[in-house]
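Reading through the structure tokens given below for one structure.
One-based numbering, in listed order, for ligands and for the atoms of each. Keep in mind it's a predicted model, so treat the numbers as computed, not measured.
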Amino acid sequence: MAAQEEDRDLIVNTDLTYPVCIGDDTRPAVLSFLQHRAQPYVVLCDANPNVVALARDIRGGKDCLGVLAFTLGESRKRLSTVERVHEALLAAGADRGTLIVGVGGGVASDLFGFAAATYMRGVPYVHVATTLVAMVDAAVGGKTGVDLRKGKNLCGLFADPVAVFANTGSLETLPYRLLREGLAEVLKTAIIEGDEFFDAIEALSPHPFWRWPWLEIVAQAIKVKTMIVADDRKEAGMRELLNLGHTFAHALETASNYRVSHGVGVALGLRAAGLLALRTGRFSEEAHLRVLATMALLGMPLRTRVRAGAAFAAMASDKKRRNGTLRFVLPVAIGDVEYGVTVPDRMVKSVLAQLTRSPEATG
Ligand code: GLY
């Protein structure tokens, strides 16, 4: 990964219809983008004080109708919060000519994106991502939505933003717990991509996070994601690759009533997908242990107390089911992943049970 010494803002040339700008401090780029659009806008942000401070900095000029902060979190990613956002937009004077700028992490991106796509039948949306999960996954690709009681992201739509800004400077104040959660999505992307990307994450894994070249890592993860999404915007095929580990993750999140966060779920899901791939003869033990060793060095959880039966029951509402059958994304090798795989239920149950036990020895 080449170091970006001078120009710390870079626009990833995606094949998507909108720009993705990555920078240590994207505030000037956001303001200049808003100035060019010359359109009234409302800033919606997570109520976290660091995020509110960033959101207030993009309140430039008379076009800004207001900065509205909401307490978020997975348990608030519900239709009731969307209704509150809509009421607040109305009170701020937003109409069909208003642009919505969302600032925050993954929940903010899913929820504010959905609120914008449904406000007065849809207004344009920009996201300024402040967490690693949002930068490398949630904010890019146009998936928006909220959870229902029975499961994650069961209510939503594909709605592309008009621009995405990944503010990597925000990672400096992000708790390590949340960095690790985002790293689960980065590792997922590196397993899909393989090659130099996985090697780079593996080589960085023993080093403290403050030494990581975050801008380059975020840029590489976004490049891989946008390449896949550009070919399959609405997940009719290969975009399913990006769900590696996610069938397990969503089940564990739902079964734990969201005490298991998305990033923790994805980490556990990567172990589970590796185990299922081993059992079905797809993945080598060596590759599986290589992934686990990297996860262990990154301090990712490898076991859970969520009951296997409850997690399996939660899979019944997984939206990746087709005709009642669960479909998994499984690694074949690092850099080679297969989607649409069906496996017997007993294997899934036994892998879920194994997640409550110690991880495989990594030597
Ligand atoms: N989070 C997976 C995707 O965007 O398709």
So which pairs with a foot in residues 278-302 pass ring pair (Phe, Tyr, Trp, His ring centres under 6.0 Å), sequence neighbours left out? none

Does anything in residues 264-279 form a side chain to side chain donor-acceptor pair (under 3.5 Å)? List the pairs, not counting sequence neighbours. R271-E360, R279-S350, R279-Q354

Do any N or O atoms from the side chain of Y339 and from the backbone of L242 form a donor-acceptor pair under 3.5 angstrom? no

Can you give each donor-acceptor pair under 3.5 Å made by side-chain atoms of residues 40-52, sequence neighbours left out, with the distance rounded to 0.1 Å?
unit_1, atom_1, unit_2, atom_2, d
Y41, OH, I58, O, 2.8
Y41, OH, G60, N, 3.1
Y41, OH, G60, O, 3.2
D46, OD1, N48, N, 2.9
N48, OD1, N50, N, 2.8
N48, OD1, V51, N, 3.3

Is the ring pair F209/W212 parallel, tilted or perpendicular, if the boundaries are 30 and 60 degrees? perpendicular

Mind checking what residues have non-hydrogen atoms under 4.0 angstrom from ligand 1? D137, K143, K225, E235, R239, L242, N243

Indicate whether any N or O donor in one side chain lies under 3.5 Å from an N or O acceptor in the other, for R282 and T280. yes

